[in-house]
Structure formats: structure tokens, C-alpha cells
S.K.: 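Let me give you the structure first, and then I'll get to my questions.
Numbered from 1 within each chain, the chains take letters A, B, ... in sequence-line order.
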Amino acid sequence: MIPYDFMETEKKWQKIWEESKVFCVTNDFSKPKYYLLIEFPYPSGNGLHVGHPRSYVALDSIARKRRLQGFNVLYPIGWDSFGLPTENFAIKNKIHPKIVTKHNIAHFKEQLKALGLSFDWSREVNTTDPKYYKWTQWIFSRLFERGLAEKRNTSVNWCVSCRCVLANEEVIAGKCERCNNEVIQKTKSQWILKITEYAQRLIDDLDLVDFPERVKQQQKNWIGRSEGALIKFKTTCGKDVEVYTTRPDTIFGATYLVLAPEHELVDLYSENIENIKEVLNYRLESSRKSDFERSEVVREKTGVLIKGIKAVNPLDGREIPIFLADYVLSNYGTGAIMAVPAHDERDLEFASKFGLDVNKVVKEDGLHINSEFLDGLDITQAKIRVTEELKRRGLGESKVNFRLRDWIFSRQRYWGEPIPIINCPKCGFVLEKNLPLELPEIQNFECSQCGESVLESSDWADVECPQCGDRARRETDTMPQWAGSSWYFLRYLDPLNDDALASPESLNYWLPINWYNGGMEHTTLHLLYSRFWHKFLYDIGVVPVPEPYAKRTSHGVILGENGEKMSKSRGNVVNPDEVISEYGADVMRLYEMFMGDFETAAPWSTQSIKGCKRFLEKFWDLQRIISGEVEIRAGMLNVLHKTIKKVDEDMEHLKFNTAIASLMTLVNIFRKSDSITREELKILTILLNPFAPHITEELWNVAHLGSGRITDQSWPKFDPEAIKDEEIEIVIQVNGKVRGRLKVNEMITQSELILLAKKEPVIERELNGKQVLKEIYFPKKLLNFVTYCH
RNA sequence: GCGGACGUGGCGGAAUUGGCAUACGCGCCAGGUUUAGGUCCUGGUGGGAAACCGUGCAGGUUCAAGUCCUGUCGUCCGCACCA
């Protein structure tokens with residue numbers, strides 16, 4: 001075996017690529033474009049772990065392939081660097097988050113560069129750079145102008161430990177996504193973005209894009225569209241209570257109403273409520289509960305009867321009681337429901353506990369009973385009929401509801417984009433005109449006032465109102481981490497532009513993103529948020545397409561050797577630096593693509609990676625057996641072209657593991673034949689290049705396989721003639737069991753084949769004494785003799 | 001509870017429209033090279049003495065089922081009182 005020094009070779013080629021700027025891309029309109037995107041990393045203090053590169057290497061191999069196919073390829077990289085861990089580290093160690101970020105980015109950069117990824121480093125973006133967040137603030141300003149950003153008093157998720165508001169998407173099972181501590185509900189004045197106004201379009205436009213079905217489903221689920229009706233119930237205090245229901249057809253089975261604890265009726269008619277003390281007490285108790293507690297207490301229903309006020313069923317005039325209960329949520333629908341215990345499990349549970357009536361109005365066969373004019377109708381008919389009737393009488397209307405909530409956009413933190421708003425006592429909210437509005441330099445990042453941003457106590461917040469000149473206050477909340485990542489893919493197109501977030505020409509040329517790969521964990525966060533922002537930018541004419549990502553794929557997580565999620569606390573983290581220093585970047589890249597199905601989680605194996613090392617060594621050793629012959633030998637034509645086809649197609653379908661397996665098979669064939677021609681080696685080397693770019697460039701060079709470098713070559717195309725088999729092997733079965741194989745000419749007819757097969761000793765013996773009822777021939781594959789019938 | 005994915009050797013995993021189950025790799029076994037170990041090379045490797053049996057389990061459709069249908073068990077992920 002010829003030895004191969006990966007350490008030196010990889011450094012050498014990385015330097016050549018960097019110096020020749022071969023991966024820096026220009027807006028060359030004469031070429032077809034291809035825009036590949038990976039989720040830019042959050043530069044944490046822990047550095048890269050082996051999970052990150054799975055996505056990067058996969059799209060890097062596609063990027064390299066596309067370049068060889070003649071595309072103008074954009075494959076950029078940047079840093080999503082605002083965020084809590086950095087700020088927390090800064091507080092703890094008394095270092096400015098800016099310094100921490102700079103340091104972390106330098107470390108990440110070094111690690112990424114060691115992988116030989118073909119990023120265009122000249123377009124690097126950084127969300128914490130004022131030149132970048134100038135445009136994040138600009139987009140917020142446009143949202144504000146169009147009424148899509150507003151400050152609102154809302155019940156919010158409050159992380160007790162981070163002392164910060166969280167979006168719904170950041171609360172995992174009642175706990176903070178970041179620190180895993182308790183999250184409680186708190187009412188606070190917050191900036192929100194009205195993503196709910198885009199709910200329907202975010203569902204509809206999924207039809208325009210090529211996303212995995214699981215991603216589309218999860219987004220649809222999260223948006224949670226439901227069709228139902230709003231119905232007004234009169235009450236004895238004079239105020240109507242409006243409820244939302246998806247089953248208006250069951251209205252004759254409504255035996256009580258339930259209001260969320262926060263419902264306004266309690267405030268407006270407190271003097272009518274005989275047990276107001278008890279009611280307010282219940283409200284207080286449930287507000288103290290965190291979401292986690294609410295769901296943890298095995299859903300034992302609680303509630304309190306409102307004494308002194310009754311509701312009236314709008315259709316049959318029956319008086320029914322009203323309850324307050326926290327199984328009804330204040331922020332969904334109208335915060336009030338009509339309870340139909342006969343046809344809703346939760347209502348039934350509550351009714352059983354409080355001894356309330358259960359009126360059955362739909363039979364097992366789905367037809368209505370005890371429902372006046374709905375009797376005999378099925379559910380669909382009854383829904384339509386009752387909604388019509390309610391509308392005619394002015395008591396209700398059909399209504400579409402979404403589970404999606406507006407996006408709470410304020411964070412009481414320092415290390416985020418300042419919200420460019422000034423609050424003037426006279427003029428109200430006024431936009432800051434001079435962007436970027438930079439974060440002030442401060443010394444101490446620890447929040448002094450609990451629950452407010454540290455910026456609150458800085459004199460930066462004291463300003464003159466740009467409209468009237470009076471004293472005013474800046475908004476001291478900052479944007480959430482998801483802000484900068486909601487549009488970063490646009491900045492890559494024109495990263496230095498100071499007059500626009502990107503020029504119209506570059507937006508027109510590069511959008512949409514052809515292929516975006518990232519993790520499933522972002523499906524209802526980043527992926528949804530960025531689609532929302534993009535649609536907004538489309539509506540105001542900034543971007544030319546309604547959807548940013550034409551195609552989205554998702555990689556599986558890389559697990560620790562024990563099959564568990566990799567984490568510091570589990571002690572099963574594999575450090576990529578160590579893998580690279582032991583095996584080199586090519587082996588690492590190859591293994592990450594070979595280890596299993598790309599879309600499924602797979603455990604790391606320090607054993608299996610050796611197979612990839614051996615493979616590359618065998619490949620390198622092929623130069624030892626280069627024959628005098630130059631062209632592709634007749635005997636190799638077929639297998640070589642089949643491999644071209646296989647690698648090409650598998651890569652397009654994320655089947656990187658089988659693409660590599662076919663390359664391994666090919667190398668084994670050449671080794672066995674103990675020779676390889678230059679032309680054969682040339683094709684093999686180009687096919688392997690996207691996965692193992694360093695060793696292939698080096699072999700190309702030392703074996704003089706052609707002029708220039710591989711980056712100057714073209715991706716091979718398979719010849720349909722060459723992959724045809726002249727001689728094919730046909731499986732011979734008797735009653736579905738394999739009894740033999742025959743090598744025959746491709747052109748053989750069915751009758752010729754049957755004669756030939758019957759002469760085979762084994763087949764002859766099997767068929768002896770049996771009557772062949774039929775012969776089934778599956779062309780070019782299989783022949784089955786059937787001697788019985790069912 | 002709702003939504004989604006999945007179940008194939010000792011392990012990671014292959015298997016277009018139903019058509020040779022276990023490609024490729026790891027591991028293991030035997031032999032070779034080596035002062036020795038590792039590396040490396042060659043061969044073997046689902047079970048069974050065999051007929052045969054084998055893709056979580058039980059049925060079904062079919063000439064033919066890992067693949068399709070019905071039921072069932074189990075695992076993983078997301079959401080979770082959304083009326």
C-alpha cells in the first residue's frame with residue numbers, strides 16, 4: 001500500500017482553495033444558478049460537535065457536484081450569534097458578549113475550515129454585526145408601519161431562571177427550552193408580531209414547495225386550523241357570552257357554559273356574582289399555576305360555579321349554569337365554551353365531577369336526536385343547518401380558528417437586536433430613523449431590576465422624541481434570537497450592501513433557495529418564522545417569490561455510541577477535532593455520509609469509521625496498479641456507467657450511504673482485477689470528489705489524471721447504451737422457490753428461455769411428474785413454473 | 001388523547017413499479033505478512049445435519065410479499081385540556 005499523509009495533503013488543498021477563491025461566487029447571469037443553504041450555526045462556547053457537519057457535508061457534496069455540472073453555486077455560511085448562552089457566559093465571567101462571540105466564532109471557523117467545506121467565506125454574515133442588524137431592525141420597522149408589530153398586554157410564558165419572556169415555541173413540556181427550568185404565566189406588555197394574520201397562507205403555500213411530508217404535517221398541526229362557529233349565549237346579567245365550537249350541531253346538548261378564569265364577565269359583572277370571593281379566589285389560584293403544573297396534575301378538572309348569573313341556550317331557551325374552569329384557555333377562541341358532556345370527553349369529566357346534566361343529541365349512527373330541526377340529520381348536514389339558522393337569527397356565524405398564537409417578540413435581555421422604537425408620552429410609539437440602532441456599551445450585564453432588560457437602567461434609554469422633541473424613553477427590550485435568522489439567507493446575496501438588505505438584481509437572480517437542509521427541531525420555529533417574514537417581504541415588494549425555500553430536507557441526529565442523544569452531561573460527545581486529527585477530514589466526511597440513512601438518527605461508532613479509512617486507503621493505492629492502457633476497457637464500461645448513474649441519482653435522493661457503497665464496490669472490482677486505466681480512475685476520482693475532496697484532488701494531481709484540478713472538470717454522465725446488459729442472469733423458480741439461475745442473452749424470447757430452463761438438471765428433477773399449469777415470466781429477471789393452483 | 005416515523009443478521013444499514021432478502025461497511029472466525037501487538041493482505045460469516053426455515057407477532061391477497069390489505073404488539077419523535 002502506498003502511504004497517504006492526510007494531515008499535510010488536507011492543509012495543502014484547503015490553502016489552495018482559499019487562495020484561488022475557487023468557491024467565491026459572483027452574479028454570473030450567463031450561468032444557471034444553484035443556491036444551497038444550511039442552517040447557520042449558533043457559535044456556542046462548546047465548539048462544533050460531530051452532529052453539525054452531517055448537514056454541512058451533505059450539502060457540500062451537492063455543492064461540489066453542482067459546480068462540476070456547470071451551475072453557478074452559492075453555498076454560504078454565517079453566524080447566528082445573538083442569544084442567551086453567550087450572555088449568560090458573559091455575566092458569569094464578566095466578559096463582554098461581543099468578545100465572547102468573537103472568540104467563539106474564531107473557534108468555529110477554524111473547526112469548519114478543517115473540514116474542507118466549500119463555503120463562500122467572502123459572504124460570511126453575522127447577526128450581531130450592526131451592519132447586519134441594521135436590516136433586521138429595518139424589517140421590524142416595516143412590520144410596525146403596517147400594523148403587524150404592536151405592543152400588547154398579554155399573558156406570557158415567563159422563565160423564572162432566565163428572567164425572560166419566551167415564545168410558545170420555546171416552551172418544551174412546560175419548561176424553558178434553554179435552561180429546562182420552570183415556566184410560569186405572567187401578564188406583561190410585550191411586542192408581538194402578528195404571524196396569525198399569515199396563518200392561512202402559511203398553510204396554503206405549503207403546496208408550492210417541496211418539503212418532506214412530515215415537515216408539512218408538523219407545520220399544519222402547529223398552525224392548527226379548525227372550522228366551527230361563534231355562538232352568542234344571552235345571560236341573565238344582560239351581557240352576551242360568545243363561545244367558539246367546532247361542533248355547533250351539538251348545541252341542544254349544551255348543558256352549561258365554561259369560561260376561562262381570566263374571562264371579562266367576572267370583571268364586568270362582579271356585583272351580580274353572589275360568590276364573587278370564591279370566584280376571584282379560583283382565578284388567583286389558577287394564575288399561580290404554571291402551564292407545567294396545569295398539565296402535570298393528571299388533568300383532574302377543577303372549576304367554580306358562578307352563582308347569580310345564568311346563560312340561556314339561544315335555540316331552545318333553556319337556562320344553564322356558567323362555570324369558571326382552567327381547562328378552558330383564555331387565549332384560544334373566545335375564552336369560553338358551551339359544554340356538551342355527552343359528546344366531549346373533557347366536558348363529561350367535568351360534568352361528572354360537578355353532577356351536571358348529560359344530554360345525548362347524536363346517536364351512534366351519527367344522526368341527531370333531541371335536537372328539534374336537526375333531528376335525523378348527520379353531523380355534516382347538521383353543522384351547516386344550525387350555522388345557517390344561528391346566522392339568520394343573528395346569534396352566530398361560522399368561524400375559522402387557528403391554534404397558532406401571535407409571536408411574542410420582546411426579550412428582557414441585553415444580547416439581542418434593540419427594538420428601534422421610542423415611546424413618547426405625547427406621540428406614542430415612534431420609529432427610530434437612524435438605523436442601525438446600536439447596543440450601548442455597558443459594563444455590567446446582570447439585570448438589576450428583576451424582569452427588565454439591563455438596558456432599562458442605562459442612560460441610553462433616555463432620548464428626545466424625534467417627532468416632538470420632548471423627553472421620551474427607548475424601548476429597552478431586545479428581539480428574540482429568531483429575528484436575525486428569519487432573513488439571513490437574503491443577506492448572503494449581497495452582504496455588503498448598505499442601501500438595501502440586498503439588491504433587487506441579486507434577489508431576482510438567486511431566489512428561491514434551491515435546497516435548504518436543516519434539523520427537524522426548527523420546523524415550528526425558525527422554518528415557520530422565516531416563511532412568515534419572507535411572505536411579508538414579498539407583500540411589500542422586497543423579494544420576488546412568495547416562498548423562500550423551494551426544497552427542504554432534514555437530516556437525522558447523530559447519537560452517541562450508546563444510542564443516546566449526544567450531550568455533555570451524558571459524557572458521550574464525540575469531538576470532531578479528535579476525529580480529524582486521527583483520521584483526517586475526508587474520512588470524517590465520508591463516514592458521516594456513510595453511517596446510515598441520512599434522514600434517520602444514527603449512533604456514532606468509533607469502530608465503523610475505520611471502514612471509511614480503509615476505503616480511502618484502497619482508493620489511494622489504486623495508483624499502484626494503473627495500467628498502460630488509457631481508455632475505459634470494454635469489460636469495465638458497464639459497471640463504470642452503472643456506478644455513475646447510481647452515485648448521481650442517489651445523491652439527488654439523499655441516499656449518500658448507498659452512493660458511497662457503490663463506489664466501494666467499484667474500488668473492490670478494480671483491486672481484484674489488479675489494474676485500472678487512467679480514464680477509469682479519472683471517472684472514479686471525480687465521482688468520489690464531492691465526499692472526499694482532498695484525497696481526490698491529490699490523486700488527480702500525483703497520477704496526472706488530467707489538466708487542471710478536479711474543480712475544473714465536468715461531472716460524468718452515464719451512457720444509456722453502456723448500462724445495458726448483454727448477458728443477463730435470470731432466476732428460475734418452481735412454485736415461487738428459487739431453483740436455479742441462467743445466464744442468457746438479453747434478447748432471448750420467453751419460449752426459448754422456457755426450453756432452456758427445462759433442460760437444467762435441477763429444474764428437470766423438480767418438474768418431474770408434475771404438470772406445469774403456467775409459466776410466469778418477468779422480463780429479464782425471473783421465470784416461475786407453477787404446478788398447482790389454490 | 002392527536003399527528004408523524006419506524007420494527008430486516010452480533011451491529012450500522014441495503015433491497016425502483018410486489019420478482020434472487022441481508023448490497024456496502026463494522027464485528028467475528030480461519031489463514032498469511034510481521035521480532036511481537038496493532039496495521040495490512042486472502043478466504044469465510046442468517047439458522048439448521050438435512051428437507052427446509054427465516055424481515056416484531058397473527059391472519060389475508062398473489063404464481064410470487066420485507067414491500068400490498070386486516071388485526072395486534074413494541075419503539076422513537078413532535079404537540080398536548082385548542083372546545
Side-chain angles (χ1 to χ4, degrees), chain A residues 1 168 172-174 212-218 220-222 224-226 228 243-248 250 258 291 294-295 299-301 325-329 331-340 343-347 349-350 401-405 520-521 523-524 556-557 563 590-591 594-597 599-615 617-618 621 649 653 655 657-665 667-668 671-672 729-741 773-790:
Chain A
M1 294 282 267
N168 281 321
I172 310 293
E213 208 40 49
R214 55 178 175 161
V215 171
K216 289 190 182 184
Q217 269 311 327
Q218 219 168 296
K220 282 182 194 166
N221 249 15
W222 184 262
R225 184 182 196 276
S226 72
V243 304
Y244 173 72
T245 176
T246 55
R247 290 296 302 277
T250 60
V258 187
D291 265 1
R294 280 199 190 186
S295 58
R299 299 186 203 174
E300 169 94 17
K301 297 272 182 293
D326 66 6
Y327 82 92
V328 171
L329 308 173
N331 52 1
Y332 182 76
T334 59
I337 63 155
M338 62 176 207
V340 186
H343 304 288
D344 183 286
E345 253 180 70
R346 296 153 301 180
D347 295 343
E349 197 193 319
F350 189 84
N401 244 333
F402 297 96
R403 203 179 295 203
L404 185 71
R405 306 288 150 79
M520 279 306 286
E521 70 276 15
T523 301
T524 54
V557 184
L590 202 70
Y591 178 61
F594 181 67
M595 63 191 298
D597 180 69
E599 295 180 276
T600 318
W604 186 269
S605 163
T606 45
Q607 282 295 338
S608 288
I609 192 171
K610 288 178 186 164
C612 292
K613 173 180 177 259
R614 287 176 197 149
F615 166 64
E617 280 168 356
K618 286 178 190 172
D621 193 52
E649 291 174 0
H653 298 113
K655 299 289 176 198
N657 52 342
T658 50
I660 292 166
S662 71
L663 290 169
M664 288 173 168
T665 307
V667 167
N668 290 343
R671 276 172 68 79
K672 218 159 221 173
E729 196 179 67
I730 290 182
V731 173
I732 313 297
Q733 295 183 336
V734 177
N735 295 325
K737 291 200 168 111
V738 181
R739 293 299 180 213
R741 283 145 227 254
L773 296 176
K774 54 178 161 174
E775 292 112 358
I776 287 158
Y777 179 51
F778 185 77
K780 298 180 190 181
K781 286 237 159 133
L782 177 142
L783 176 67
N784 188 12
F785 292 103
V786 183
T787 67
Y788 68 91
C789 59
H790 290 291

S.K.: Just how far, in rounded Å, is P of B:G4 from NZ of A:Lys220?
M.R.: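 Spelled out: NZ on A:Lys220 to P on B:G4 is 11 Å.
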S.K.: For A:Phe778 and B:G19, give me the distance from atom CZ to atom P, rounded to whole Å.
M.R.: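 After rounding, the reported distance stands at 7 Å.
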S.K.: Could you give the CD-to-P distance, from A:Gln733 to B:G19, as a whole number of Å?
M.R.: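 These atoms are roughly 11 Å apart.
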S.K.: Calculate the interatomic distance between A:Phe615 atom CZ and B:A23 atom C1'; express it in whole Å.
M.R.: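 Those two atoms, CZ and C1', are 15 Å apart.
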S.K.: For the pair made of CE in A:Met595 and P in B:C11, what is the distance, rounded to whole Å?
M.R.: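 My rounded result for the distance is 17 Å.
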S.K.: Reading RNA chain B from 5' onward, which residue's closest nucleotide shows up sooner: A:Asn401 or A:Leu782?
M.R.: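 Looking at the nearest nucleotide for each, A:Leu782 comes out on the 5' side.
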S.K.: So which heavy atom on A:Met338 is nearest to which on A:Asp347, and how close?
M.R.: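 Smallest heavy-atom distance, with atoms named: O-OD2, 4.1 Å.
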S.K.: Please give, in whole Å, the distance from B:C6 C1' to A:Met520 CE?
M.R.: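 Between C1' of B:C6 and CE of A:Met520: 14 Å.
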S.K.: Should B:G74 be called syn or anti, with syn set as within 90° of 0?
M.R.: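 You should classify B:G74 as anti.
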S.K.: Rounded to the nearest 0.5 Å, how far apart are CZ of A:Phe402 and OH of A:Tyr332?
M.R.: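 These two atoms lie 9.5 Å from each other.
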S.K.: Would you kindly give the CD-to-C1' distance between A:Glu617 and B:G25, to the nearest whole Å?
M.R.: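 That distance rounds to 15 Å.
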S.K.: Using Watson-Crick or G-U wobble geometry with both distances below 3.5 Å, tell me the partner of B:U17, or none.
M.R.: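 Partner of B:U17: none found under 3.5 Å.
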S.K.: Would you compute the distance between atom CG of A:Asp344 and atom OG1 of A:Thr250 and round it to the nearest 0.5 angstrom?
M.R.: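 Result: 8.5 Å between the selected atoms.
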S.K.: Using whole Å, what does the distance between atom P of nucleotide B:A80 and atom CD of A:Glu345 come to?
M.R.: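 Answer to the nearest Å: 19 Å.
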